[in-house]
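Read the structure below first, then the notes.
None of the values given here were measured: they were computed from a predicted structure.
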Amino acid sequence: MGDLTLGLLALLPIIISAILLVGFSWPAKKAMPVVLFATSLLALFVWDMSANRVAASILQGLGITASVLWIVFGAIFLLNTLKHTQAIQVIRQGFTQVSPDRRIQAIVIAWCFGTFIEGASGFGTPAAIAAPLMVAIGFPALAAVLMGMMIQSTSVSFGAVGTPIVIGVNKSLDTVAIEAQLAAQGVTWDQYLQLITSHVAVIHAVIGTFMPLLMVMMLTRFFGQNKSWKEGLEVLPFALFAGVAFTIPYALTGIFLGPEFPSLIGGLVSMAVVVSAAKKGFLVPKTQWNFSDKSLWPANWFGKLDVDAEDSNTPTSTKVSTKASTKISPVVAWVPYLVVAALLVCSRVFVEFKSLLSGVSVGFTNILGEQGISTAFSPLYLPGGLLLIGALVALLLQSKSGERASVFKGALSDSTKTILNAGFVLMFTIPMVRLFINSGVNLSDLPSMPMASAQMLANWFGDFFPMVSPTIGALGAFIAGSNTVSNMMFSQFQYEAAMSLSISPALVIAGQAVGAAAGNMIAIHNVVAASATVGLLGQEGATLRRTILPTLYYILTAGALLMLAVYGLQITGPLV
């Protein structure tokens, strides 16, 4: 079987997903069972995987599904707890005090707060936290999901305290062979990994500076009364200011400190700088922008997450419950989220605390006897457990002892209804991903489905390979829903392709990492998980049709920057 045929067959699950979700606007609950069935047929009859390995991959996927649903449940339960204690109305008022302009609110919550959460936790947590929070302050659910997905771009390569680089790149390259070659040039492995990190940080900083502007332009174009790109452009100065407030400390941290802290530090700095600037009106447009009245919203903008009994789109500065405001101070209202953020950072940075939390785990190794197919569920270490601790803090601080039982029951009931629908979709989506990835072990001695599609692209583009390097990374993230997994799948392949072309492997691997970050914006199970947090299942295709725009911006710009670096500036490095 030729590389072209094999590559196209490998892409078939992705093609079917795109046709059903984007082309035919099928809800994921109908599309993903079809895609899983098609992937299983390919695995059995083209890749000649054993039925036992196919079954083990599906079981592994179900185990991972439990972890994803735990995160989603934690985020929903925390928000519903805040709803029942009425703290969410205080948080709503706080954001209007920063600015009543929805464009500014989107930048503050999604870009500043979201990038910090990504740096601390990763794995879809920013969207799970930010999307329901935006719904709580009056955003349409569909708009909140879109903003939540766009968070998952610039900050992702250094998310979860650098996991996509520290694990995804570092643990996927043939370190023994590469270290020997590096030694001949007087370069250590740590120096080489730092070179890759620096390239990733600089590429992201250039592209990511414009992401806040693109976010608000998408918001005004698709959710404004006038469907106008121009209304988004009105915040150009402030959006660029917010962009550099994150990307400058982010890039400097990546270059001088390594991969663990760029998103964390960038997020913290941007929150402090951007919120202060917005409160003082610095670069903020004089004309305020808001959504139309909710009575005019299309039905598909609404989710099933009811976070406020006063469910109208009257400007929130005039509609905050005075009862809630007098009962709960802004500091107390925000304490649960601050606790979650602190726990996320501590659990990822301090080894002893991390070991304590991750020590509570249920795992299955070599499922059905298949080597390397394993899964584990760590309820305390996963963000879901930490979000539930935040909810417990909210329950204790924000409600009286006699009210706590009813608050807990109400939050649990609301959250359970939402999670059941999400669970059905993810039960098909994540097993499909694991089957795709595990297809490298087969009786036909074929490369895995992701590798076959990547090899086809490399053969097509030849010397223009740097242009498509980020696209391959995005393809892996689209499939796996993870920058880390995409890097693990493709980093060695990107290295080999660069060596064959005699161009800098460090630059090409950086393109892989950047593209994999951008691919999170169109990762199907990330869209499903984010949608579940606001009760918006069934509109995944509508979200994907929009997030493809920022994804294309990201991977095409990254490809162009790589081409410029390789052939224009002729940047080289170790091994070249």
Side-chain angles (χ1 to χ4, degrees), residues 9-44 46-47 49 54-73 123-124 127-128 131 142 145 148-149 152 300 303-304 375 418-439 449-450 453 474-482 485-486 519-548 551:
L9 284 172
L11 288 173
L12 193 58
I14 297 172
I15 295 169
I16 294 173
S17 300
I19 291 172
L20 296 181
L21 288 167
V22 180
F24 293 155
S25 297
W26 279 25
K29 67 181 180 182
K30 289 176 60 179
M32 297 321 297
V34 174
V35 177
L36 175 60
F37 180 69
T39 309
S40 300
L41 292 179
L42 280 174
L44 289 168
V46 178
W47 265 258
M49 289 176 67
V54 169
S57 298
I58 291 173
L59 289 174
Q60 181 190 35
L62 292 174
I64 296 171
T65 299
S67 296
V68 174
L69 288 174
W70 182 241
I71 296 171
V72 173
F73 177 78
F123 300 101
L142 191 60
V145 172
M149 293 306 297
Q152 299 177 92
N300 69 339
K304 294 180 180 178
T375 187
T418 304
I419 208 69
L420 289 175
N421 289 325
F424 178 79
V425 178
L426 291 173
M427 280 174 57
F428 296 97
T429 304
I430 299 180
M432 180 274 291
V433 167
R434 301 315 306 176
L435 192 54
F436 204 85
I437 293 170
N438 293 335
S439 59
M449 295 184 198
S453 58
L475 178 68
F478 173 80
I479 297 163
S482 167
V485 174
S486 178
N520 275 260
M521 290 188 281
I522 52 170
I524 296 173
H525 85 63
N526 285 351
V527 174
V528 172
S531 300
T533 64
V534 296
L536 192 68
L537 294 170
Q539 294 296 325
E540 296 82 8
T543 299
L544 285 168
R545 279 194 293 274
R546 293 174 171 90
T547 56
I548 191 65
T551 304

Report the distance from atom CG of L9 to atom CD1 of I15, rounding to the nearest 0.5 Å.
9.0 Å

Using atom types as modelled and distance alone, determine if a side-chain donor or acceptor of T547 lies under 3.5 Å from a backbone N or O of M521.
yes

Are the side chain of S17 and the backbone N or O of P13 linked by a donor-acceptor pair below 3.5 Å?
yes

Gap separating the CD atom of Q539 from the OG atom of S531, nearest 0.5 angstrom
8.5 Å

Can you tell me how far the CE atom of M449 sits from the CG atom of L435, to the nearest 0.5 Å?
5.5 Å

Which class fits the ring pair W70 and F73: parallel under 30°, tilted 30 to 60°, perpendicular over 60°?
parallel

Closest contact, heavy atoms only, S453 versus L475:
OG-CD2, 3.5 Å

Would you say the side-chain atoms of Q152 pair up with the backbone N or O of N520, donor to acceptor, closer than 3.5 Å?
no

Closest approach of G476 and S486, non-hydrogen atoms and distance?
CA-OG, 3.5 Å

What's the verdict on side-chain contact (heavy atoms from CB on, under 4.5 Å) for M32 and L21, showing C-alpha distance, side-chain angles and the deciding distance?
CA-CA 9 Å; M32 297 321 297; L21 288 167; 4.3 Å; yes

Let's go through V34 and W26 carefully: what are the C-alpha distance in whole Å and the side-chain angles of both, what is the deciding distance for side-chain contact (heavy atoms from CB on, under 4.5 Å) to 0.1 Å, and is it a yes or a no?
CA-CA 11 Å; V34 174; W26 279 25; 4.1 Å; yes

Looking at N300 and L536, what are the two nearest heavy atoms and their distance?
O-CD1, 3.8 Å

Residue pair V145 / A530: nearest heavy atoms and the distance that separates them
CG2-O, 3.9 Å

d(L36 CG, T429 OG1) to nearest 0.5 Å is 8.5 Å

Working to the nearest 0.5 Å, report the span between CE of M427 and CE of M432.
15.0 Å

Looking only at non-hydrogen atoms, find the nearest pair between A127 and G148 and report the distance.
CB-O, 3.5 Å

Show me, pair by pair, the donor-acceptor contacts under 3.5 angstrom made by side chains of residues 55-65, not counting sequence neighbours?
unit_1	atom_1	unit_2	atom_2	d
S57	OG	R53	O	2.9
S57	OG	N438	ND2	3.0
Q60	OE1	R434	NE	3.3
Q60	OE1	N438	ND2	2.9
Q60	NE2	S374	O	2.9
T65	OG1	G61	O	2.8
T65	OG1	L426	O	3.2

Please report the closest heavy-atom contact between S439 and P450, naming both atoms and the distance.
OG-CD, 4.3 Å

Rounded distance [0.5 Å steps], CZ in F428 versus CD1 in I524
14.5 Å

